[in-house]
Amino acid sequence: MDELFNSNRAPSPQEWASTQSLLELCDQELTPVDSQIADLQKQLDKLISRRSVLQTNRRKYLDTLSARRRLPPEIIASFIQLAVAPPYDDDLPQQRWQAKRGSESTLPFMLVSREWYGTVCGFAHFWTELKLDVASASGGEIQHLIEMASKRVERASELALSLTISLSTSNEWNDKVVEFAHSISSRVGAFGISVEANPDPDSNTYPNPNPNPNMAAGLLARLLLNPLSPTQRTLEWPKLHTVDINMRSRSPANINLRRLGYVFSAPEKFPAMRGLAIAAPQCDFSVLSMPWSGLSTLSLGPFHTYKFGDYTSILKQCTGELRVLNLCMCGTPERSEQILLTLAPIIHLVHVTHLQLEYTPMNEWFSFALLWYLYLPSLQSLTCTAVDGSRRSKTEISQLAEILQKSGCQESLRYLELNNFDLSLEADTTVDLRSVFVETPRLSRLKITGHKLHPGLWSIIPESVQDLTVQLWLPAIGDLRPSFDEFVRSRSLSAVPSSTPMKARLDIADGRDVASFRKKIDALQAQFGSLLNVVID
């Protein structure tokens with residue numbers, strides 16, 4: 001057969017018969033072998049399936065014994081709280097730390113398991129914020145909002161509540177919301193009140209577009225002073241420490257801000273109040289008879305019109321306790337009164353540590369004139385924001401240096417933020433900005449936002465600055481990137497090995513040209529986590 005295997009000739013009849021018998025013999029022996037292999041394959045498939053089941057059960061048993069399951073609910077709740085809350089910045093207390101404790105942000109964690117659902121529901125800190133926007137709501141909608149808020153109150157246990165209410169003077173269902181607020185008055189710690197003075201649609205066929213100017217203040221009095229329920233004889237707010245009032249109207253004559261003094265005419269009803277914010281963009285501001293002296297946090301503005309003397313009169317009453325001062329001067333200052341710049345500050349706010357100033361180019365003179373009156377020896381954080389940055393001048397920077405010199409905060413100021421300042425000029429701007437840095441030798445954090453920044457200004461950044469943030473409009477980022485990289489590299493090479501490394505960030509400022517870009521970032525944050533931060537560095 002070997003000769004036949006090694007050739008290509010046709011087999012003879014004898015070879016054909018012999019080969020056919022050998023083939024039949026192989027088939028006979030191969031059949032039981034294939035049968036045994038099939039049986040073994042079935043056994044192997046069964047073993048593989050059994051192995052998969054055992055591995056799944058093993059993972060379940062390991063998960064049951066894992067350390068993660070032994071974490072107390074308090075630890076899990078703390079993790080969730082960090083995931084849904086923005087970080088707190090000690091240098092910016094005016095940007096109140098508002099953890100997103102609402103059901104919308106905690107919902108993904110509540111869907112993990114029944115235990116996590118119970119943990120979120122049982123962690124009182126997630127349910128302390130109540131928001132009732134009923135300015136345009138109907139009776140049925142208001143009732144539903146109150147029922148949902150009542151559930152949150154129950155879950156918040158005995159913690160102090162943060163209540164935010166938006167009302168309209170023309171809504172006939174306001175009393176329901178007022179009664180609900182009164183029912184929890186003993187637990188409210190922070191109260192945000194937004195009142196819109198609208199014409200009463202039921203007054204006549206053609207409602208008066210200018211409603212009673214006392215209606216908004218009257219609604220506030222009903223909300224804060226006068227109990228509506230006959231069973232409630234007195235109304236007190238023992239835990240209320242912060243009140244934020246925002247009043248809106250169609251014209252300045254629609255709201256009488258002087259009536260606010262009556263709302264707070266009984267300070268015994270607010271024994272813990274230390275923070276007050278008043279904003280009325282369409283209303284004329286005038287000095288109010290209010291307990292200013294006990295405030296530690298004060299925010300004023302924006303208003304339609306205001307007077308220099310009213311601001312100074314209020315600040316003179318805040319010299320004892322005030323720590324945080326926010327002034328938004330975006331309206332129209334009264335120019336008829338005479339403002340005299342004194343040689344030395346006459347209002348000593350010795351405890352103020354944080355000051356935020358917001359103004360427009362039109363009233364820049366008013367804002368810096370007010371700062372000229374203030375003595376701030378303990379100031380640690382200063383934020384200056386030009387609301388309209390389309391028309392900037394360099395004069396304000398030199399004025400800022402003089403104000404810092406007179407305010408007495410040279411040894412205390414640690415944080416400086418300049419928003420919408422034009423720093424694109426090289427010579428004079430560099431000199432003025434260097435003057436500001438000379439007056440702040442302890443400065444450790446610096447933030448600058450605006451249209452452009454001249455590359456030569458990197459050379460005057462003080463060595464004391466360890467945290468630098470620059471936010472510019474998108475077209476200016478590319479031009480500044482090379483000089484920024486060189487600045488960071490030089491600071492790294494010159495730094496002492498044992499010193500704290502400097503943090504530097506070049507970011508894109510918000511504007512129309514980056515609106516779509518920000519939307520994409522927000523979408524990424526919603527998908528991958530609230531702590532995502534996209535930075536060019």
Side-chain angles (χ1 to χ4, degrees), residues 90-98 160-164 185 188-195 217 220-221 223-225 236-247 257-280 283 285-303 306-329 345-358 367 370-371 373-383 407 409 412:
D90 291 329
D91 291 320
L92 300 172
Q94 62 269 25
Q95 298 177 359
R96 211 161 38 90
W97 182 70
Q98 296 177 344
L161 303 173
S162 175
L163 177 61
T164 302
S185 62
V188 176
F191 202 168
I193 309 169
S194 178
V195 178
L220 281 177
L223 187 61
L224 295 173
L225 288 182
E236 294 183 357
W237 306 82
K239 295 183 179 179
L240 185 60
H241 56 79
T242 302
V243 179
D244 188 339
I245 299 175
N246 189 343
M247 308 182 76
L257 286 182
R258 289 184 178 274
R259 296 280 296 177
L260 287 181
Y262 168 72
V263 175
F264 295 96
S265 61
E268 65 276 5
K269 293 181 177 292
F270 316 98
M273 193 174 77
R274 296 294 180 268
L276 178 62
I278 303 176
C283 305
F285 179 73
S286 58
V287 65
L288 308 172
S289 177
M290 299 180 67
W292 305 105
S293 59
L295 298 178
S296 60
T297 301
L298 175 61
S299 297
L300 294 176
F303 302 109
Y306 43 86
K307 296 181 179 180
F308 188 85
D310 291 339
Y311 274 83
T312 56
S313 176
I314 292 173
L315 294 179
K316 286 179 181 179
Q317 302 177 54
C318 299
T319 57
E321 301 292 338
L322 194 62
R323 261 70 176 174
V324 179
L325 177 61
N326 304 324
L327 301 175
C328 181
M329 301 177 180
I346 60 175
I347 303 177
H348 289 232
L349 302 176
V350 295
H351 300 297
V352 170
T353 57
H354 297 77
L355 173 61
Q356 180 176 1
L357 186 65
E358 189 173 335
S367 305
L370 183 61
L371 288 184
Y373 273 60
L374 304 183
Y375 181 62
L376 307 165
S378 302
L379 189 64
Q380 300 176 11
S381 172
L382 174 61
T383 300
S407 65
C409 63
S412 61

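In what follows, residues are counted from 1 in the order of the sequence shown.
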### Task
May I ask you to check whether F285 and F303 place their ring centres under 6.0 Å from each other?
yes

### Task
Identify the two heavy atoms, one from M273 and one from P291, that lie closest to each other, and give their separation to 0.1 Å.
CE-CG, 4.4 Å

### Query
Can you find a pair of side-chain heavy atoms, one from I193 and one from L223, that are under 4.5 Å apart?
yes

### Message
In this structure, is the centre-to-centre distance between the rings of F308 and Y373 below 6.0 Å?
### Response
yes

### Message
I'd like to know whether L300 forms a side chain to side chain contact (heavy atoms under 4.5 Å, CB included) with I314, so could you lay out the CA-CA distance, the side-chain angles of the two residues, the decisive distance to 0.1 Å, and finally the verdict.
### Response
CA-CA 10 Å; L300 294 176; I314 292 173; 4.2 Å; yes

### Query
Just how far is it from atom CD of E358 to atom OG of S299, taken to the nearest 0.5 Å?
11.0 Å

### Task
Kindly indicate, with the supporting measurements, whether the criterion side chain to side chain donor-acceptor pair (under 3.5 Å) is fulfilled by N246 and S194.
CA-CA 5 Å; N246 189 343; S194 178; 5.0 Å; no

### Query
What are the two closest non-hydrogen atoms of H354 and Q380, and how far apart are they?
CE1-OE1, 4.4 Å

### Message
Checking the side chain of W292 only, and the main-chain atoms of L315 only, is there a donor and an acceptor separated by less than 3.5 Å?
### Response
no

### Task
In sequence, state the C-alpha distance, the side-chain angles, and the governing distance for M290 and L276, and then conclude on side chain to side chain contact (heavy atoms under 4.5 Å, CB included).
CA-CA 10 Å; M290 299 180 67; L276 178 62; 3.5 Å; yes

### Task
Run the numbers on V188 and K239 for side chain to side chain contact (heavy atoms under 4.5 Å, CB included), then give the verdict.
CA-CA 6 Å; V188 176; K239 295 183 179 179; over 6 Å; no

### Query
F191 versus L224: any side-chain heavy-atom pair under 4.5 Å?
yes

### Query
Between the side chain of S378 and the main-chain N/O of V350, is any donor-acceptor distance below 3.5 Å?
yes

### Message
Within the 4.5 Å heavy-atom criterion, are I245 and F264 side-chain neighbours or not?
### Response
yes

### Query
Would a 4.5 Å heavy-atom cut-off, applied to side chains only, mark N326 and L357 as touching?
no

### Task
Write down the atom of V263, the atom of A221, and the distance for their closest heavy-atom approach.
CG2-N, 4.0 Å

### Query
Is the side chain of S296 donor-acceptor paired with the backbone N or O of L322 at a distance under 3.5 Å, no angle test?
no

### Query
Would you say the side chain of V352 lies within less than 4.5 Å of the side chain of L379, judging by non-hydrogen atoms?
yes

### Task
Quick one: closest heavy-atom pair of W237 and P271, and the distance?
O-CD, 3.7 Å

### Query
Under 4.5 Å between any side-chain heavy atoms of I347 and T312, yes or no?
yes

### Task
Give the minimum heavy-atom separation between C328 and Y311, together with the two atoms involved.
O-OH, 4.4 Å

### Query
Taking the side chain from H241 and the backbone from G189, do they hold a donor-acceptor pair closer than 3.5 Å?
yes

### Task
Would you sort out whether L370 and M329 count as a side chain to side chain contact (heavy atoms under 4.5 Å, CB included), showing the intermediate values?
CA-CA 11 Å; L370 183 61; M329 301 177 180; 3.1 Å; yes

### Task
For the residue pair L220 and V195, establish whether any side-chain heavy-atom pair is separated by less than 4.5 Å.
yes

### Query
Is there side-chain contact between Y262 and L225, with at least one heavy-atom pair below 4.5 Å?
yes

### Query
Rounded to the nearest 0.5 Å, how far apart are CG of L349 and SG of C409?
12.0 Å

## Note on the structure
Exactly one of L327, V324, L325 clears side-chain contact (heavy atoms from CB on, under 4.5 Å) with L298, and that residue is L325

### Task
State whether the side chain of S407 and the backbone N or O of L376 hold a donor-acceptor pair below 3.5 Å, judged by distance alone.
no

### Summary
Minimal heavy-atom distance between A272 and P238, with the atoms involved, is CB-O, 3.5 Å

